[in-house]
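Beneath this line is the structure, given in structure tokens, with notes to follow.
All of these numbers come straight from a predicted model, not from anything done at the bench. Computed from heavy atoms alone, side chains included, the values below leave out hydrogens, waters and symmetry copies. Within every chain, numbering begins at 1; the chains are lettered A, B, ... in the order of the sequence lines, protein sequences first and strands thereafter.
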Amino acid sequence: MTQTIDFLSHLNSSQRLAVEHFCGPLLVVAGAGSGKTRALTYRIANLILQHRVDPENILAVTFTNKAAREMKERIEKLFAQQLSVSFTGKPWEALNPDEQTRVRSRIYKTYIKPLWVGTFHALCAKILRFDINKYKDEKGRSWNQNFSIFDESDAQSLVKQIVTQQLNLDDKKFNHKSVRYAISNAKNQGLSPQEFERSQPNYRGRTIAQVYSLYQDKLAENNALDFDDLILVPVQLFQQNEQILAYWHRKFCHILVDEYQDTNRTQYDLIRLLVTGGVESSAFKDWQNRSIFVVGDADQSIYSFRMADFTILMDFQGDFGDGLPDDDTRTMVKLEENYRSRENILQAANHLIEKNTERIDKVLKPTRDPGSPIYYYQAEDEQDEAEFVVQQIRQLQRNTEAENWGDFAILYRTNAQSRPLEEILVRSNIPYHVVGGLKFYDRKEVKDALAYLRSLVNPADTMSLLRTINTPRRGIGKATIDNLVNAASELGVPLWEMLADETSVQTLAGRSAKAVLKFTQLMSQFKDNWRDRKASEIAQAIMEESGYIQDLKSQGTDEAENRLQNVFELFNAILQFEEENLDATLEDFLASASLSSDLDNLQEGQESVSLMTLHSAKGLEFPVVFLVGLEQGLFPNFRSIDDPASLEEERRLCYVGITRAQEQLFLTHARSRRLWATREPAVSSQFLAELPTDLLSNSVPSKRFTTVPSAETAKAPGAKTRKRPSANTPQNWQVGDRVLHTTFGVGNVTHIFSSGTKMSIAVEFSGGGRKILDPAIAPLQRLT
DNA sequence: GGTTGTCTGTTTTTT
DNA sequence: ACAGACAACC
């Protein structure tokens, strides 16, 4: 045996169990910060180096593209360290940068590139590039390899078109967003339009089924798939074609799934089919040279709105595993040691999540010192909240040299909350970046450019063609377009075929015919040779020759200038994509663009403060975390408050937020918040009341006392200021105050009893019952 | 066929 | 507050 297994010594015993597991099923229940990425990457390395598994037989599914990229990078690094000696005779550290690069590129070629690592969507898109032409849907329709991927906004505008134009329905009653959501849910349950219709008893449901059916017609006409189809189509293809399933089943001998709690039914079906090759999973026994390895944490399941179902994780033992109790099982490993956060932070997290009823029992075991208390601040409004955050960042940054801007993250429930924070950050000259919100690829000008490219690659993509046909304005108006579209649908051919026929255009387009023909000619030129040219070159040429760039230039406004910048930014993105994927085609780029998110551009070690939603923050960690906007109705969100299951999900989201923090955690809420135009009073979040009060401190100054930089203020470690929140100090209480108690719920203060320094209050709870409580001790929160 | 002004809903989270 | 949709007007 070579030096290839010494890296296993970096692991604790549970991690080692997970990593060394070879064949058969294994569920890894991995708490936040317990080193699950390490387990995944080391396992892949171990499969290859120790068990001589061919990298191309390994499939690793991640939740984001960023996670996929990181995993590949980490495996590459691990291999570099392990293989350096056998490649060059020298240990990795002894190599000069040049030699290092050479080793890395060799490793990349032999080990990393053949691996299948990516999101469900990206991997399925890749499978479909091979096999989609063998698929037929329930109406016998088929797609070809140049299919377009319609993103969420494409899908919604398609639904809207159908609702308002084809079916003439009231789009208030059949709001395109909710209809699209219903269709998405149906697809995620694997229901065809017909099956969905049968399950719908009432008018509304049946109408949605009708929209669904027409929606599928449109997708098929455009040779396009939506996000849900990317998973559903492979599943159905595998179900209808044994040979194709057998091929992929044989190929992917070792399957790893990260964030397994966030898989939905279709994704589960896909995994099950690939693992078993179509055999009933309980009957599947042939684990020779085959494994399914899933990693997840039910407490971090925060995507049920996307049909994620964490019971899939909880059922793993029954589906694939031996189903034995925890102490005897050989198909489950729990990673509970947390290497990320200070003990105080973990205790708060554990305490909070225990309030949930549906979970696998699991606690995060601290491995680090308690650290400073969790700071809590009640702000007047969102401005004050933002100023508090900035003030704390400044002070921490000044007092501890080690910390740079990249060590701070501000997390919130909704994207809209970033605004006031940004304003204050700008004013304070603190570098920051916002993750998420409007994606780069969602900008109008970028979508326009991509539409040009998509209609080149996929001539059936009428959606994209319609987007480009009169953008920039070239005198092709609505009437003309309607004529052409109607004629095309009459003949049952894609719009492009109509345009490509000169005589048809002459007769249909009337006085716009010239403009149409000019556009057709432009597109034809590119269609003739796009396969032979580089994607970056085509993009630049078509944006130039279509007059799009000239149009923006001539507008001369700041907005147009900005759009122009974004178009050039897109060119850069394509160039970069080509550098990273040497044999990449235009189709590859388009697929990657449709499936990319803003999160993917987040770089490690950035020298700026990160702002993002809690959802985006999953999987990340920061030394200092601010969790802002902890208000009833905002977080937990008002849509979840009445539904116990959704409320538990919000609590998990809070848990995710808390466990992002390594050293220090700040929790804030405002007493009033501007919602759209109006200012609304706000009540502190029940989650605050659910945290153990002895871990909270509000000793940071409540106002901007810039003249008194007290040592207590930001001197975090060891500060003996473990005080209770200000809401509980005696002078604050009045008869008539409303309170929220962790166990008794909401109530009114009816009496104040005070004797010297000691005081207590009487509370009448709306759920019934009166209690005399010591506000210094009782787990209650004053509602404003 | 294009431009301007008014009205409306909009904010939960995302591959 | 603000963007997108739609109608009225050029």
Next on the checklist: Applying side chain to side chain donor-acceptor pair (under 3.5 Å) as the test, list every pair that has at least one member in residues 627-638 of chain A; sequence neighbours left out.
Outcome noted: A/Glu631-A/Arg673, A/Gln632-A/Gln686
Item to check | Value in whole Å for how far the C1' atom of B/dT13 lies from OH of A/Tyr303 | outcome: 7 Å
Checklist entry - With a 4.0 Å cut-off on heavy atoms, is A/Phe120 in touch with a base, just the backbone sugar-phosphate, or nothing at all? => result nothing
Next on the checklist: Any salt bridge linking A/Asp269 with A/Arg265? Criterion: basic side-chain nitrogen under 4.0 Å from a carboxylate oxygen.
Outcome noted: no
Item to check | Within 45° cone of A/Phe63 ring axis and under 6.0 Å: A/Lys618 NZ or CZ | outcome: yes
Checklist entry - NA contact type, A/Lys444, heavy-atom cut-off 4.0 Å: base, sugar-phosphate, or nothing? => result nothing
Item to check | ring centroid sep under 5.5 Å plus plane angle under 30, A/Phe305 with B/dT13 | outcome: yes
Checklist entry - In whole angstrom, what separates A/Tyr412's OH from B/dT11's C1'? => result 13 Å
Item to check | Proximal nucleotide (of B/dT15, B/dG1, B/dT12) relative to the A/Thr480 side chain | outcome: B/dG1
Item to check | Upstream residue (5' side of DNA chain B) when A/Gly477 and A/Ala122 are each assigned their closest nucleotide | outcome: A/Gly477
Item to check | Given B/dT10, B/dG2, B/dT14, the nucleotide with the shortest approach to the side chain of A/Asn175 | outcome: B/dT10
Next on the checklist: Between P on C/dA1 and CD on A/Glu382, what's the gap in Å once rounded to a whole number?
Outcome noted: 12 Å
Checklist entry - Is A/Ala479 touching bases, backbone alone, or none of the nucleic acid, heavy atoms closer than 4.0 Å? => result sugar-phosphate
Next on the checklist: Output the rounded distance in Å from NE2 (A/His615) to P (B/dT13).
Outcome noted: 9 Å
Checklist entry - Whole Å only: how far is the CZ atom of A/Arg180 from the C1' atom of B/dT14? => result 12 Å
Next on the checklist: Looking only at side-chain N and O atoms, does A/Asn458 offer a donor or acceptor that is under 3.5 Å from a partner on A/Asn146?
Outcome noted: no
Item to check | For A/Trp116, all residues meeting side-chain hydrogen bond (donor to acceptor under 3.5 Å, both in side chains), sequence neighbours excluded | outcome: none
Item to check | Aromatic plane relationship, A/Tyr303 with A/Phe305 - under 30° parallel, 30 to 60° tilted, over 60° perpendicular | outcome: tilted
Item to check | Six-ring centre of A/Phe227, A/Arg306 cation under 6.0 angstrom, axis tolerance 45° | outcome: no
Checklist entry - Rounded to whole angstroms, how far apart are NE2 on A/His176 and C1' on B/dT8? => result 13 Å
Checklist entry - Once you round it to whole Å, what is the distance between P of B/dT14 and NZ of A/Lys66? => result 15 Å
Checklist outcome for this item: Closest to the side chain of A/Phe227, out of B/dG2, B/dT15, B/dT14, is B/dT15
Next on the checklist: Applying the side chain to side chain donor-acceptor pair (under 3.5 Å) criterion to A/Asp226, which one of A/Gln156, A/Gln216, A/Arg180 satisfies it?
Outcome noted: A/Arg180
Checklist outcome for this item: Contact check, residues 263-274 of chain A vs DNA chain B, heavy-atom distance under 4.0 Å, returns none
Checklist entry - Is A/Asn415 touching bases, backbone alone, or none of the nucleic acid, heavy atoms closer than 4.0 Å? => result sugar-phosphate
Next on the checklist: Under 4.0 Å, heavy atoms only, any strand: does A/Asn470 hit a base, just the sugar-phosphate, or nothing?
Outcome noted: sugar-phosphate
Checklist entry - Do the side chain of A/Arg413 and the base of B/dT13 come within less than 3.5 angstrom through a donor-acceptor pair of N or O atoms? => result yes
Checklist outcome for this item: Note: contacts of residues 630-654 of chain A with DNA chain B (heavy atom, under 4.0 Å) are A/Asn637, A/Phe638, A/Arg639
Checklist entry - Base, sugar-phosphate, or nothing: which does A/Asp226 touch, judged by heavy atoms less than 4.0 Å apart? => result nothing
Checklist entry - So, is A/Arg473 close to the B/dT3 phosphate, meaning a side-chain N or O under 4.0 Å from OP1 or OP2? => result yes
Checklist entry - Does A/Tyr412 have its ring centroid less than 6.0 Å away from the ring centroid of A/His615? => result no
Next on the checklist: Can you tell me which nucleotide in B/dT13, B/dT3, B/dT15 comes closest to the side chain of A/Glu152?
Outcome noted: B/dT15
Item to check | Rounded distance (Å) that lies between atom P of B/dT15 and atom CG of A/Asp229 | outcome: 18 Å
Item to check | B/dT14 OP1/OP2 closer than 4.0 Å to side-chain N/O of A/Thr613 | outcome: yes
Next on the checklist: Taking the basic N atoms (NZ, or NE/NH1/NH2) and the acidic carboxylate oxygens, is any pair closer than 4.0 Å for A/Arg671 and A/Asp384?
Outcome noted: no
Checklist entry - Which of these passes side chain to side chain contact (heavy atoms under 4.5 Å, CB included) with A/Leu466: A/Thr471, A/Asp461, A/Ile481? => result A/Ile481
Item to check | cation_pi(A/Arg204, A/Phe174) dist<6.0 Å, angle<=45 | outcome: yes
Next on the checklist: So that I can tick it off, tell me whether A/Asp381 and A/Arg674 are bridged by a salt bridge, with the cut-off set at under 4.0 angstrom between side-chain N and carboxylate O.
Outcome noted: no
Next on the checklist: By the 4.0 Å heavy-atom rule, please label A/Ser512 as base, sugar-phosphate, or nothing.
Outcome noted: sugar-phosphate
Next on the checklist: If the condition is ring pair (Phe, Tyr, Trp, His ring centres under 6.0 Å), which residues does A/Phe293 pass it with, not counting sequence neighbours?
Outcome noted: none
Next on the checklist: Closest approach to the side chain of A/Ala416, judged atom by atom: which nucleotide of B/dT14, B/dT11, B/dT15 is it?
Outcome noted: B/dT11
Checklist outcome for this item: In 5'-to-3' order, the base (B), backbone-only (S) or no-contact (-) status of each nucleotide in nucleotides 2-10 of chain C, using a 4.0 angstrom heavy-atom cut-off, is ---S-----
Next on the checklist: If you compare every side-chain N and O of A/Lys177 against the phosphate oxygens of B/dG9 (OP1, OP2), does one of them come in below 4.0 Å?
Outcome noted: no
